[in-house]
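First the structure, in the form of structure tokens, and then the observations on it.
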Amino acid sequence: MKVLNAMLIGFTFITACQKPEKEFTSKGEITGIDMRKCAAPCCGGWFFTAGSSKSKVQKFPDNIDFDPMRDSLPLRVEFDLESTTSVDCGEPTNILIFKRIRKIK
């Protein structure tokens with residue numbers, strides 16, 4: 001009985017100490033693929049909208065729960081973005097990268 005109580009108390013502490021998943025900062029839609037043929041990050045990537053803002057992102061994280069090449073577009077998603085600057089296009093260009101993304105079901 002003591003072993004069972006100890007296991008129950010241990011399980012309670014383990015599950016109570018887990019951090020809840022953080023909310024996503026934005027919602028939007030992946031609307032298409034940039035098929036232009038030029039050096040990345042100037043061309044290529046994915047077009048998406050968030051509210052009235054239209055942007056392009058270069059890549060997805062490794063652990064996404066959908067396949068943007070197979071799922072029908074537009075695809076509703078919620079996400080967190082990271083921004084960096086590249087000079088590969090001849091001038092400073094803002095590059096967006098999805099840090100986290102999840103398909104809205």
- Message: Counting C-beta onward and ignoring hydrogens, is there a side-chain heavy-atom pair between I97 and K59 closer than 4.5 Å?
- Response: yes
- Message: Would you say that K54 contacts F47 through its side chain, given a criterion of any heavy-atom pair below 4.5 Å between the two side chains?
- Response: no
- Task: Could you check D34, V57, T31 and say which one makes a side chain to side chain contact (heavy atoms under 4.5 Å, CB included) with W46?
- Result: V57
- Message: As an exercise, state the distance from CG of L81 to OG of S55, rounded to the nearest 0.5 Å.
- Response: 7.5 Å
- Taking all non-hydrogen atoms of both residues into account, name the closest pair between G44 and K56 and its distance. O-NZ, 3.1 Å
- What is the minimum heavy-atom distance between F48 and I30, and which atoms define it? CB-CA, 4.0 Å
- Query: Between F79 and F98, does a ring pair (Phe, Tyr, Trp, His ring centres under 6.0 Å) hold up when you go through it step by step?
  - Reply: CA-CA 7 Å; F79 54 88; F98 286 121; 5.2 Å; yes
- Query: Looking at side-chain heavy atoms only, is the closest gap between L96 and Q58 below 4.5 Å?
  - Reply: no
- Query: Does some side-chain heavy atom of K27 sit less than 4.5 Å from a side-chain heavy atom of I104?
  - Reply: yes
- Query: CD/E78 to CZ/R102 distance, rounded to the nearest 0.5 angstrom?
  - Reply: 4.0 Å
- Side-chain contact test, heavy atoms from C-beta onward, threshold under 4.5 Å: evaluate it for D80 versus S26 and give yes or no. no
- Would you call the rings of F60 and F66 parallel, tilted or perpendicular if under 30° counts as parallel and over 60° as perpendicular? perpendicular
- Taking all non-hydrogen atoms of both residues into account, name the closest pair between G45 and I33 and its distance. O-CG1, 3.4 Å
- Can you name the nearest heavy-atom pair linking K103 to D65, along with the distance? N-OD1, 3.1 Å
- Message: Taking R76 first and then E29, would you say they form a salt bridge - that is, a charged N and a carboxylate O separated by under 4.0 Å?
- Response: no
- Under 3.5 Å, is there a donor-acceptor pair between the side chain of R100 and the main chain of K22? yes
- How far does CG of L75 sit from CD1 of I101, to the nearest 0.5 angstrom? 7.5 Å
